Amino acid sequence: MKNGQEESGKLIVITAPSGAGKTTIVHHLLNTIDELAFSVSATSRAPRPHEEDGRDYYFLSFDEFSRRIEAGDFLEWEEVYENQFYGTLKSELERIWALGKHIIFDIDVKGALNIQSHYPGRCLTIFVKPPSKEILFDRLRKRRTESAASLKKRISRAEEELTYEPYFDDTLINDVLEIALTEAEQKVNAFLNLPVVPEWKQK
Ligand code: ADP
Ligand code: 5GP
């Protein structure tokens with residue numbers, strides 16, 4: 001793929017409620033499809049252990065995030081949880097397209113709709129669906145990254161987020177992880193016109 005992807009680079013948007021498995025699936029796609037690069041979002045939330053600034057997120061203070069909204073630096077941003085802002089910097093798209101790669105996003109349902117509307121025809125939106133609400137909440141609890149208050153916010157928001165499924169191009173059910181990862185790879189390869197590796201060859 002050549003540089004100058006501003007006109008031909010594609011966008012893969014993985015969206016879902018918190019705990020559905022977006023991060024796990026996005027990591028797998030980045031490990032298996034060389035043509036992809038991750039859109040590092042900016043956030044005003046604090047880093048989790050093992051998260052790295054510039055790799056997982058650009059961690060900004062609330063003031064800096066607000067200043068960059070004012071400056072028009074974001075393609076989209078959302079207050080996903082009360083006082084926790086997340087957004088895609090315009091500079092991030094330019095950075096990745098300059099590398100000659102397609103962009104993969106891990107963003108909330110409203111941000112996903114926003115990206116879809118900015119790039120119709122070049123964008124694949126995939127909604128990751130947990131097998132049930134109970135399993136979703138259980139995964140979120142077992143991940144042990146959230147305080148009790150944050151867990152409560154995420155669970156209450158998930159109810160609404162689950163209703164967004166029909167607005168996206170495709171749904172990926174994340175029940176048995178191995179199957180979901182294979183299906184994700186197949187969907188993305190097909191969209192990028194890359195060879196779709198048959199399931200029996202992937203093991
Ligand atoms: P998200 O990025 O959507 O918030 P994560 O990728 O962090 O979700 O997944 C939430 C938790 O569930 C993580 O601890 C992850 O290891 C686990 N997980 C993801 N997919 C599955 C699955 N199919 N079966 C069991 N656990 C899963
Ligand atoms: P977390 O705090 O679990 O990393 O992310 C919380 C939520 O914010 C997830 O749904 C995640 O996908 C979403 N998110 C992450 N980055 C962005 C972004 O740039 N824009 C929007 N709109 N949502 C984002």
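Note that these values count all heavy atoms, side chains included, but never hydrogens, waters or copies made by symmetry. Counting convention: from 1, in listed order, for ligands and their atoms alike. This structure is a prediction, so every number in the text was calculated from the model and none was measured.
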(message) I want to confirm something. Looking only at heavy atoms, which of N174, D138, T24 is nearest to atom 20 (N) of ligand 1?
(response) N174

(message) Quick check on contacts: which atoms of ligand 2 are under 4.0 angstrom from a heavy atom of R45?
(response) 1 (P), 2 (O), 4 (O)

(request) Could you tell me whether Y81 and ligand 2 have an N or O pair separated by under 3.5 Å? (result) no

(request) Begin from the C-alpha positions of E82 and K153 and carry the test salt bridge (Lys or Arg N to Asp or Glu O under 4.0 Å) through to its verdict. (result) CA-CA 8 Å; E82 204 183 350; K153 276 194 222 170; 5.2 Å; no

(request) Would you mind listing which atoms of ligand 1 come within a distance below 4.0 Å of any non-hydrogen atom of L177? (result) 20 (N), 22 (C), 23 (N)

(message) If we count only N and O atoms by modelled type, under 3.5 Å, do the side chains of R45 and T43 hold a donor and an acceptor together?
(response) no

(message) Please classify the V128 to ligand 1 contact at 4.0 Å (heavy-atom distances, strictly less than): side chain, backbone, both or neither.
(response) neither

(request) Do me a favour and list the nearest non-hydrogen protein atom to atom 2 (O) of ligand 1 with residue, atom name and distance? (result) T23 OG1, 2.5 Å

(message) Suppose I only count heavy atoms of G87 and a 4.0 Å limit; which atoms of ligand 2 are within that range?
(response) 18 (C), 19 (O), 20 (N)

(message) For atom 14 (O) of ligand 1, what's the nearest protein heavy-atom neighbour? Residue, atom name and distance, please.
(response) R143 CG, 3.5 Å

(message) Strictly below 4.0 Å, N to O, side chains only: are D108 and R157 in salt-bridge contact?
(response) yes

(message) Regarding ligand 2, does D106 bring an N or O atom to under 3.5 Å of one of the ligand's N or O atoms?
(response) yes

(message) Can you report which non-hydrogen protein atom sits closest to atom 7 (C) of ligand 2, along with the distance?
(response) V80 CG1, 3.9 Å

(request) Decide yes or no on ring-ring contact (aromatic ring centres under 6.0 Å, His included) for F74 and F65, but give the supporting numbers first. (result) CA-CA 10 Å; F74 287 104; F65 202 105; 4.6 Å; yes

(message) Checking contacts here: is it the side chain or the backbone of E161 that comes within 4.0 Å of ligand 2, counting heavy atoms only? Could be both or neither.
(response) neither

(message) side-chain contact (heavy atoms from CB on, under 4.5 Å) for N174 and I25? Distances and angles first, verdict last.
(response) CA-CA 9 Å; N174 182 16; I25 290 166; 4.2 Å; yes

(request) May I ask you to identify the nearest protein heavy atom to atom 23 (N) of ligand 2, giving residue, atom name and distance to one decimal place in Å? (result) D108 N, 3.2 Å

(message) Parallel, tilted or perpendicular, judged at 30° and 60°: which one describes the rings of F85 and W77?
(response) tilted

(message) At less than 4.0 angstrom from any non-hydrogen atom of K22, what atoms of ligand 1 do you find?
(response) 1 (P), 2 (O), 3 (O), 6 (O), 8 (O)

(request) List the atom of L136, the atom of A158, and the distance in Å for their closest heavy-atom pair. (result) CD2-CB, 3.8 Å

(request) Return yes or no for this condition: an N or O of E76 is under 3.5 Å from an N or O of ligand 2. (result) yes

(message) A42 versus ligand 2: do any nitrogen or oxygen atoms come within less than 3.5 Å of each other?
(response) no

(message) Please list the nearest protein heavy atom to atom 16 (N) of ligand 2 with its residue and the distance rounded to 0.1 Å.
(response) S41 OG, 3.0 Å

(request) May I ask you to say whether R67 pairs ionically with E64, meaning some side-chain N is under 4.0 Å from a carboxylate O? (result) yes

(request) With heavy atoms of P17 as the reference, note each atom of ligand 1 found under 4.0 Å away. (result) 3 (O)

(message) Need the ligand 2 atom indices (1-based, order shown) with element for anything under 4.0 Å from a heavy-atom of R154.
(response) 1 (P), 2 (O), 3 (O), 6 (C)

(message) Regarding E94 and K90, does a basic nitrogen lie under 4.0 Å from an acidic carboxylate oxygen?
(response) no

(request) Using side-chain contact (heavy atoms from CB on, under 4.5 Å) as the criterion, point out the one residue from L113, V128, I126, I14 that pairs with F168. (result) L113

(request) Go through ligand 1 atom by atom and flag the ones less than 4.0 Å from a non-hydrogen atom of S18. (result) 4 (O)

(message) Out of all atoms in ligand 1, which are within 4.0 Å of some heavy atom of D175? Include the element for each.
(response) 22 (C), 23 (N), 24 (N)

(message) Can you tell me if I135 contacts ligand 1 (heavy atom of the residue under 4.0 Å from the ligand)?
(response) no

(message) Using a 3.5 Å cut-off on N or O atoms only, is G19 in polar contact with ligand 1?
(response) yes

(request) Verify the distance criterion only: is there a donor paired with an acceptor across the side chains of Y167 and Q116 at less than 3.5 Å? (result) no

(request) Please report which non-hydrogen protein atom sits nearest to atom 24 (N) of ligand 1, along with the residue it belongs to and the distance in Å to one decimal place. (result) R139 NH2, 3.3 Å

(message) Taking only non-hydrogen atoms of Y57, do any sit less than 4.0 angstrom from ligand 2?
(response) yes

(message) Assess whether a salt bridge exists between E76 and K110, defined as any Lys/Arg side-chain N lying under 4.0 Å from an Asp/Glu carboxylate O.
(response) no

(request) Taking only heavy atoms of G111 into account, list the atoms of ligand 2 that are under 4.0 Å away from them. (result) 22 (N)

(message) Among all protein heavy atoms in this structure, tell me which lies nearest to atom 8 (O) of ligand 1, with the distance rounded to 0.1 Å.
(response) G21 N, 3.1 Å

(request) Determine, using heavy atoms of Q84 and all atoms of ligand 2, whether some pair is separated by less than 4.0 Å. (result) no

(request) Mark the output for A180 as yes if a heavy-atom distance to ligand 1 is under 4.0 Å, and as no if none is. (result) no

(request) State the atoms of ligand 2, each with its element, that fall below the 4.0 Å cut-off from a heavy-atom position in E78. (result) 22 (N)

